[in-house]
2 protein chains.
Amino acid sequence: MQPVTIRDVARAAGVSSATASRVLSGNPATSAASRERVTAAAAELGFSPNAQARSLRSTRTDSIALLISDVRNPYFADLAHAVEQAARARGLVTFIGNANEDPAQQDEFLDAMMSRRVDGVLLVPQGLAGGGGAQVSPAVERLLSRDIPTVLVDRTLPAAAAPHVTAESAAAVHDAVASLAANGHRRIAFIGGPEHTSTAAERYGCFRAALADHGLDADEALHFHGDFRTASGAEGARWLLGLDDRPTAVVVADSPMAIGALAVWREAGVRIGVDLSVITFDDIEAFALHDPPLATISHDLTAMGRGAVDALATLMAGDPTGHTVLTSTFTGGASIGPART
Amino acid sequence: MQPVTIRDVARAAGVSSATASRVLSGNPATSAASRERVTAAAAELGFSPNAQARSLRSTRTDSIALLISDVRNPYFADLAHAVEQAARARGLVTFIGNANEDPAQQDEFLDAMMSRRVDGVLLVPQGLAGGGGAQVSPAVERLLSRDIPTVLVDRTLPAAAAPHVTAESAAAVHDAVASLAANGHRRIAFIGGPEHTSTAAERYGCFRAALADHGLDADEALHFHGDFRTASGAEGARWLLGLDDRPTAVVVADSPMAIGALAVWREAGVRIGVDLSVITFDDIEAFALHDPPLATISHDLTAMGRGAVDALATLMAGDPTGHTVLTSTFTGGASIGPART
DNA sequence: TTGTAAGCGTTATCAG
DNA sequence: CTGATAACGCTTACAA
């Protein structure tokens, strides 16, 4: 079936293509008569407007892009869901892209989106492994140097390059460490994320600060550098088991790593909350599977998603927007127990 | 900064826009000299072609759409990841859409994709709640009546409307039920998915067949109708606890429902593998959190994703394609124990 | 090998 | 309220 164009509709309705266009895009300057005939003809022919052509002219696409780090990470899945629902409420379609924690994949998706002229971009920026200067990947550079409304979500970028909606965990981490300290823990390990992401840095930074608050000193030897994925959590778990003078507690920086780590510890016969106290970031539904209940430091992803869409909408409307920082919540659980002495 | 057009590039390179276009789209009819100057100019100006305009002319977009039922369901997250990687290997960008198990959201996304003229569509079709005739939602109808290459993934549609890549679980379910039967279980409940999805029907159908294979009769009173989401799994768990002559074993039709159900059972003090034997569909990483290990019936999502992309690529190349049906695997676990007598 | 010019399907402008 | 007509940014005959 050949695609039906607006001209076909106009011809069938006996009007000009301009009138047909006006009717179909809800322009009030139309007569009831032509409105009726055009809509009828469009329905009859099964007309679906060519968005390419439309936005070539109008430069609006009513769509936004959301780039997340990892579709398989429940944290980002929740974020994607929240964004999608909030965007839908504003009449925007969301295209979700998966960077797979890889700047190259991020860039491909962003380029595709830019050339498709989405109205705005929500970006969880991927860190550059290089680590040297305050670099930003090429496509992100392009994104920002053009005037494409962009909001960073969850993670930020060095130069405060764009407005962002992120979470701040100081208070929750403080409470979490307080809970450990109250249980007599003094050697607390940290299984962290990749250093080149702002969240990994923020989470670890808050952890160190919290230690200091409780008169404990941060021991860099108790800091494992993971990559936010399951396998590295398992590695971190094994690393912990191999430490001399094994720590009695550990904080894990995200849920996939926690899943990987807990599986290893179970296999090794480590009793969580008894032999080892565990606190993990990112409360996900699947944690309900774990016994005992896990203590968590969590974010309100629905709020983050909605906040991000709000900020982006403001930006798309042409108004400047600032940063939003949400606070995290500490929820205790039986995975914290007294330090064995 | 105003968007950079191909004319800007051409001007900077001192050639016509036609030559610039030829260079940038890899047309061999170009001189080394202009090739060099054009690519330099494009890089210099940060040119990114307008995909709208390009495909308005050329009708290829090198992109595909993937519509999944629920981003937050790890099963679909895994599928999305697999598709995305396979598509990327073929130079295709994947736009992921989330239907949220809702035909209306599915249709919005599909319409947006059709009007953006993606080269192909991978669709996990949403069931119509009506249940009456063999209907298909309007946008899916449009999708199929036009000649847009489309492959159904995971779920099918009544009229074998399009080629599909799905999983078949008969053998795995047979083994699973055999394992229960060998442990003396005779009353086995089933917490199923929404009837209007083909997978729910297939999974339950195989379950009934497997019961028959083992001389057990299917009792419709032991069939709970869930909706593939966590909350309904919890409901199903409570339903099971309230049954007279409580079944000693249960099969759960997907992982989110299993998560919801297991949480309820734990809270009720039900010992999995002792008081109640459990087998669940869809092996996900987070199941590693559960003790004892869960018996599962699982699919190879990587194979499904790759198979779907292969089928779609074949279709996009103009060749007809058939159906692919993958087999499932049963993996035993300590969540199956002897029936208490 | 290159340039000119004609569209692709739609919407915006400007007269009527 | 409507109809010509000119773009939007790009590709592709067709000439040169």
Side-chain angles (χ1 to χ4, degrees), chain A residues 1-39 41-42 45-63 111-119 146 148, chain B residues 1-39 41-42 45-63 111-112 114-119 146:
Chain A
M1 197 188 286
Q2 271 296 59
V4 177
T5 78
I6 201 170
R7 278 189 229 276
D8 300 323
V9 174
R11 195 176 317 123
V15 298
S16 74
S17 61
T19 299
S21 169
R22 279 187 280 256
V23 170
L24 294 169
S25 50
N27 187 320
T30 49
S31 69
S34 41
R35 231 169 301 153
E36 188 163 341
R37 308 184 58 191
V38 169
T39 40
L45 299 174
F47 171 72
S48 117
N50 183 325
Q52 327 264 16
R54 188 205 292 261
S55 61
L56 188 55
R57 201 46 239 220
S58 59
T59 60
R60 297 204 43 224
T61 57
D62 292 318
S63 61
D111 278 330
M113 282 313 185
M114 279 188 270
S115 70
R116 250 151 266 250
R117 303 296 192 260
V118 289
D119 293 340
R146 260 120 104 180
I148 301 170
Chain B
M1 197 189 285
Q2 271 296 63
V4 177
T5 78
I6 202 171
R7 279 190 231 274
D8 299 323
V9 174
R11 195 175 318 123
V15 298
S16 76
S17 61
T19 301
S21 169
R22 280 187 278 257
V23 169
L24 294 170
S25 51
N27 187 319
T30 49
S31 69
S34 41
R35 232 170 301 154
E36 188 164 340
R37 309 182 58 190
V38 169
T39 39
L45 299 174
F47 172 70
S48 117
N50 182 325
Q52 327 265 15
R54 188 206 293 262
S55 62
L56 192 53
R57 242 344 244 180
S58 57
T59 61
R60 295 203 46 224
T61 57
D62 292 319
S63 61
D111 278 330
M114 280 188 270
S115 68
R116 260 161 199 89
R117 304 294 192 263
V118 289
D119 293 340
R146 259 119 105 179

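Because only heavy atoms are used, hydrogens play no part in the values below, and waters and symmetry mates are left out as well, while side chains stay in.
- Note on B/S31: every side-chain N or O is 4.0 Å or more away from OP1 and OP2 of C/dT1.
- Side-chain nitrogen and oxygen atoms of B/T19 include at least one within less than 4.0 Å of the OP1 or OP2 phosphate oxygen of C/dG3.
- A/R117 places a side-chain heavy atom less than 4.5 Å from the side chain of B/S48.
- A donor-acceptor pair under 3.5 Å is formed between the side chain of A/S115 and the backbone N or O of A/D111.
- Here the side chain of A/R22 is nearest to one of C/dG3, C/dT2, C/dC14, namely C/dC14.
- Put simply, CZ on A/R11 is 16 Å from C1' on D/dG3, counting in whole angstrom units.
- In this structure, the side chain of B/T5 engages the main chain of B/R7 through a donor-acceptor pair within 3.5 Å.
- B/T30 and B/R35 share a side-chain donor-acceptor pair at under 3.5 Å.
- Neither side chain, A/R116 nor A/S63, offers a donor N or O lying under 3.5 Å from an acceptor on the other.
- Separating the CG atom of B/N27 from the C1' atom of D/dC10 is a distance of 14 Å, rounded to the nearest angstrom.
- Residue A/R54 places at least one side-chain N or O closer than 4.0 Å to OP1 or OP2 of C/dT11.
- Between the CD1 atom of A/I6 and the P atom of C/dC8 there is a distance of 15 Å, given to the nearest Å.
- Taking atom CG on A/D8 and atom P on C/dG9, their separation rounds to 9 Å, with Å as the unit.
- A straight line from CG of B/L45 to C1' of D/dG9 spans 15 Å, rounded to a whole angstrom.
- Comparing atom distances between the B/S16 side chain and each of C/dT1, C/dT4, D/dT2 picks out C/dT4 as nearest.
- C/dG7 atom C1' lies 14 Å from atom CG of A/N50, rounded to whole Å.
- Close to D/dC10, at under 4.0 Å from its OP1 or OP2, lies no side-chain N or O of B/S25.
- Between B/L24 atom CG and D/dG9 atom P the separation is 16 Å, expressed in whole Å.
- Between the CZ atom of A/R7 and the P atom of D/dT5 there is a distance of 12 Å, rounded to whole Å.
- Between A/P28 and A/A18, the one whose closest nucleotide on DNA chain D sits nearer the 5' end is A/P28.
- Residue-level contact check: B/S21 touches the bases, meaning some heavy atom is under 4.0 Å from a base atom.
- Below the 3.5 angstrom threshold, one finds no donor paired with an acceptor across the side chain of A/R117 and the base of D/dG9.
- The side chain of A/T5 sits closest to C/dG9 out of D/dC10, C/dG3, C/dG9.
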